[in-house]
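Below, read A as the first sequence line, B as the second, and so on, with proteins coming before strands; counting in each chain starts at 1.
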There are 2 protein chains.
Amino acid sequence: MTGHPELTRNQSLVLKALDKAEGPLSAYTILDLLRDDGFRAPLQVYRALEKLQEFGLVHRLESINAFVACADPHCHRHSMIAFAICENCGRVDEFSDETVEARLGEWVAANRFKPAKTTIEIRGNCAACAAQAQ
Amino acid sequence: MTGHPELTRNQSLVLKALDKAEGPLSAYTILDLLRDDGFRAPLQVYRALEKLQEFGLVHRLESINAFVACADPHCHRHSMIAFAICENCGRVDEFSDETVEARLGEWVAANRFKPAKTTIEIRGNCAACAAQAQ
DNA sequence: CAATTGCATGTTATGTCATAACATTTAGAG
DNA sequence: CTCTAAATGTTATGACATAACATGCAATTG
Ligand SMILES: [Zn+2]
Ligand SMILES: [Zn+2]
Ligand SMILES: [Zn+2]
Ligand SMILES: [Zn+2]
């Protein structure tokens with residue numbers, strides 16, 4: 001279907017770093033991880049992240065200023081994606097909900113609002129971390 | 001019922017600045033607005049904002065790094081508050097939706113996630129700005 | 001009252017996140 | 001090959017947020 005263009009070297013490196021991390025990373029953390037690959041400046045990371053977000057391969061977590069590899073190849077089908085972010089271990093769960101989409105869509109329609117990007121982020125403790133803390 | 005303690009001088013000044021602005025302000029913009037009132041450093045603003053958020057009088061808009069005065073004195077009754085933010089004129093609409101709360105609550109319960117703070121922010125163009133742009 | 005305690009404040013310095021501006025390189029299209 | 005668009009490299013700067021420590025100030029309490 002909508003295939004993505006071949007990734008450039010920088011884009012591949014950044015995506016690989018995020019995949020390997022299995023959790024959100026800040027742009028500057030990515031920069032540090034890629035020093036040995038020749039990365040020298042934040043812009044190299046931010047530019048790669050920008051493209052990867054366009055391709056839907058990476059999401060930005062607005063509430064924690066971090067980036068995460070997309071966990072759901074089909075998430076493009078949804079207009080809104082929700083994230084549950086563990087503040088203890090960094091685990092991120094990506095999910096979508098038709099009803100939530102519909103309800104927010106109703107508000108938007110009723111108020112003639114033209115949405116560009118919707119952020120839904122739940123921060124707290126994941127099951128494992130919550131259990132650990134009793 | 002749950003009245004708020006008397007605000008301190010700094011808290012009052014910051015809240016007044018936000019009320020007057022009728023839109024979101026960055027902490028540094030607030031700082032500049034309050035120079036004549038003796039404000040000298042970002043921390044004076046951030047500390048006041050922290051308390052005002054605790055009291056439920058101010059909300060932080062995570063996706064744009066800005067703060068806005070609460071527009072709904074009853075929003076405390078809800079566990080989640082959604083914001084529609086116009087990227088053109090800065091208008092912010094605050095609303096809540098029981099169904100959205102319930103659906104996200106179901107996901108949280110099913111995944112044994114312990115939520116601490118939930119962010120729902122829709123960025124785009126408000127009705128007036130969208131009409132203006134055809 | 002004096003001592004203690006807790007909170008708010010003031011101040012300096014630093015840390016963290018993101019982009020502007022401009023030069024250079026690279027990969028295709030014609 | 002030449003032109004062009006996109007990607008990259010590099011330096012500098014802007015924007016957002018907090019650490020650390022000193023000071024003030026009012027309420028409690030012995
Ligand atoms: Zn995704
Ligand atoms: Zn966790
Ligand atoms: Zn509110
Ligand atoms: Zn508008």
A:Q53 side-chain N/O to A:V58 backbone N/O, donor-acceptor pair under 3.5 Å: no
Under 4.5 Å between any side-chain heavy atoms of A:V45 and A:F39, yes or no? yes
Without decimals, in angstroms, what is the distance between B:N10 CG and C:dT11 P? 11 Å
With B for base contact, S for sugar-phosphate-only contact and - for none (protein heavy atoms under 4.0 Å), nucleotides 11-26 of chain D reads B----BBBBB------
Note: A:D19-A:K16 ion pair, threshold 4.0 Å (strictly below): no
Without decimals, in angstroms, what is the distance between A:D37 CG and D:dT8 C1'? 15 Å
Please report whether the ring centroid of A:F67 lies less than 6.0 Å from that of A:H59. no
Check the distance between D:dT8's C1' and A:Q11's CD and give it to me in whole angstrom. 11 Å
Looking only at atom types and distance, does a side-chain atom of A:N111 sit under 3.5 Å from a main-chain N or O of A:F113, one as donor and one as acceptor? no
List the steps and the verdict of salt bridge (charged side-chain N to carboxylate O under 4.0 Å, His left out) for A:E106 and A:R103. CA-CA 5 Å; A:E106 282 174 38; A:R103 291 293 291 182; 3.5 Å; yes
Extract from the structure each pairing of a protein N or O with an N or O of nucleotides 3-6 of chain D at less than 3.5 Å, listing the distance.
none

Grab the CG-C1' distance between B:L49 and C:dA8 for me, whole Å please. 15 Å
Which pair of non-hydrogen atoms, one from A:C70 and one from A:G56, has the smallest distance, and what is that distance? CB-O, 3.5 Å
In whole angstroms, how far is the C1' atom of C:dG10 from the CG atom of B:L34? 15 Å
Just the rounded figure in Å: distance from C1' of C:dA8 to CG of B:L13. 14 Å
What is the minimum heavy-atom distance between A:M80 and A:G105, and which atoms define it? CE-N, 4.4 Å
Once the angle between the rings of A:Y28 and A:Y46 is folded into 0 to 90°, is it parallel (under 30°), tilted (30 to 60°) or perpendicular (over 60°)? perpendicular
Value rounded to 0.5 Å, distance of CD1 in A:I120 from OG in A:S63: 12.0 Å
Which is it for B:R123 and A:E62 under the salt bridge (charged side-chain N to carboxylate O under 4.0 Å, His left out) test, yes or no, and what are the steps along the way? CA-CA 12 Å; B:R123 296 194 301 297; A:E62 314 269 7; 3.1 Å; yes
Report the distance from atom CZ of A:F39 to atom P of D:dA7, rounded to the nearest whole Å. 14 Å
Whole Å only: how far is the CZ atom of A:R35 from the C1' atom of D:dG9? 14 Å
Provide a list of protein-nucleic acid N or O atom pairs under 3.5 angstrom, restricted to nucleotides 23-25 of chain C.
none

Below the 4.0 Å mark, does D:dG9 have OP1 or OP2 next to a side-chain nitrogen or oxygen of A:Q44? yes
